[in-house]
Protein chains: 2
Amino acid sequence: MSTETEPRWRRLEPDQRREQILDCAIRLFGERPYAEVSTTDIAREAGVARGLINHYFGSKRGLYLEVVRRMVTVPVADRSAVPDGPLAERVEFSVDWLLDVISARGKTWVAVLGTEGVGNDPEVERILAEADEMAAENLVRTVGMRDVEPAGAELRAIVRAFGGMVKAAGREWITHGTLTREQVQLVLTEQLTTLLGETFPHVQRL
Amino acid sequence: MSTETEPRWRRLEPDQRREQILDCAIRLFGERPYAEVSTTDIAREAGVARGLINHYFGSKRGLYLEVVRRMVTVPVADRSAVPDGPLAERVEFSVDWLLDVISARGKTWVAVLGTEGVGNDPEVERILAEADEMAAENLVRTVGMRDVEPAGAELRAIVRAFGGMVKAAGREWITHGTLTREQVQLVLTEQLTTLLGETFPHVQRL
DNA sequence: ATTAGCTATTGACACACTGACAACAACTTG
DNA sequence: CAAGTTGTTGTCAGTGTGTCAATAGCTAAT
């Protein structure tokens with residue numbers, strides 16, 4: 001008989017194992033609501049003992065927060081490619097880039113933005129708020145509103161509000177198919193142009 | 001000694017008891033995330049046995065859905081009070097009415113719409129989608145876009161997208177206090193006016 | 001007033017899930 | 001090849017949920 005013994009499990013680098021578990025968790029949390037995904041399910045999916053999840057993420061909640069954090073992270077725009085024309089053109093470019101990002105994320109993206117409903121988790125809310133803030137900041141810089149720096153706080157708040165429309169429009173396009181990309185592009189471009197070019201100055205004058 | 005015996009508990013009409021439990025659940029779910037509110041907590045709050053919750057709502061999830069349904073229901077606008085002027089005026093009136101509703105709900109409202117996170121409950125999503133649809137429908141009728149009836153589907157989709165901005169702007173105003181009501185009013189009015197008066201015709205021509 | 005019937009409400013039981021921890025085994029290093 | 005390191009496992013106690021038979025508040029008939 002052979003002394004060659006197949007190891008019952010492989011010992012991975014902490015980072016690898018963490019990543020693997022996280023991937024499975026992302027998949028499962030994307031399919032079912034939080035309460036209906038047990039750590040046992042995740043452990044089975046990852047082919048791992050349940051206790052290992054606690055070892056790496058502390059608790060189920062900790063793992064969940066990691067998942068949210070991961071899915072909500074948005075890449076930063078390459079600002080060197082932004083045209084140097086009038087506001088409308090810069091806005092159009094930015095919106096186009098935004099829709100590219102959304103398109104690339106596709107199903108994963110909508111899983112994040114699907115409304116959860118009652119029962120706010122302050123921690124989750126904080127993560128989401130930070131992501132919104134970064135997205136708004138990013139958008140403002142990309143369209144290059146350098147001349148309104150002193151009113152930055154108000155501007156960012158308004159752009160964050162606009163972000164709500166971006167998400168909703170994205171859902172109409174990606175998940176419901178009730179709007180085409182061209183339609184969304186047109187709507188968001190015109191809206192944002194008006195918002196930055198006309199409405200915002202009016203708001204400042206209030 | 002008196003034969004007068006104080007009842008250990010009162011027997012209520014099913015509807016009353018249901019309502020009472022629902023009220024307590026709304027309060028608690030508004031304060032803490034779903035997973036951190038136990039049925040025991042709700043039962044204690046309502047001064048009732050835990051089993052009774054299951055009797056009335058089947059499961060904790062069933063109760064939760066009821067809570068969401070209740071909080072998300074938006075009153076229908078009184079269309080007789082809408083002015084008969086140009087689009088901009090009708091829009092301003094509608095937005096004002098909308099902000100009144102939001103203001104009245106206040107903290108409760110943001111508790112529902114505030115958190116978006118991973119772990120979508122399809123049932124919850126359906127409820128929210130229906131509410132969005134009704135709100136959009138309501139808004140379209142209130143501003144009186146009768147002349148575009150044939151393109152109703154596209155218009156409603158666009159207005160639903162706008163609804164995303166309403167929610168986000170409402171959060172900036174109510175929870176974060178980063179915008180005043182006047183600012184929100186101005187932004188939403190101008191945006192919606194542009195959207196209906198200019199952008200929508202462009203979209204139709206696509 | 002008393003009793004009988006109805007059902008709203010309770011209390012306890014069984015089961016599922018989570019987090020903690022000590023023992024174990026895969027891998028590394030000298 | 002031996003000894004240490006630590007990634008991984010399996011189990012245990014505590015907590016929360018759903019079910020169900022028994023109980024008790026209420027009402028109407030006698």
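Below, chain A is the first sequence line, B the second, and so on; all start at residue 1.
- In terms of modelled atom types and a separation under 3.5 Å, the side chain of A:Asp23 and the main chain of A:Gln20 share no donor-acceptor contact.
- Counting to the nearest Å, the P atom of C:dT9 and the CZ atom of B:Arg18 are 13 Å from each other.
- Side-chain contact, B:Asp100 with B:Ser103: no donor N or O sits under 3.5 Å from an acceptor N or O.
- The two atoms that bring B:Leu98 and B:Val166 nearest to each other are CD2-CG1, 3.9 Å, heavy atoms only.
- Stem analysis of DNA chain D (at least three stacked-register Watson-Crick or G-U pairs, each with both distances under 3.5 Å) gives C:1-30 with D:1-30.
- Nucleotide C:dA8 holds its C1' atom 14 Å from the CZ atom of B:Phe57, rounded to whole Å.
- With rounding to the nearest 0.5 angstrom, the CD1 atom of A:Ile53 is 5.5 Å from the CD1 atom of A:Ile21.
- Judged as a side-chain contact (heavy atoms from CB on, under 4.5 Å), and not counting sequence neighbours, the contacts of B:His55 are B:Leu52.
- In this entry the distance linking CD of A:Gln16 with P of C:dC27 reads 12 Å, nearest Å.
- B:Gln183 contributes a side-chain N or O that, together with a main-chain N or O of B:Thr180, makes up a donor-acceptor pair within less than 3.5 Å.
- Ring geometry for B:Tyr34 against B:Phe29 counts as parallel: the plane angle stays under 30°, on a 0 to 90° scale with 60° as the upper cut.
- Rounded to whole angstrom, the span from the CG atom of A:Leu63 across to the P atom of C:dC17 amounts to 16 Å.
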Legend entry - Nucleic acid footprint by protein, nucleotides 7-17 of chain D - heavy-atom cut-off 4.0 Å, B for base, S for sugar-phosphate alone: BBBBB-----B

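- Rounding to the nearest 0.5 Å places CZ of B:Arg70 at 5.5 Å from CD1 of B:Ile26.
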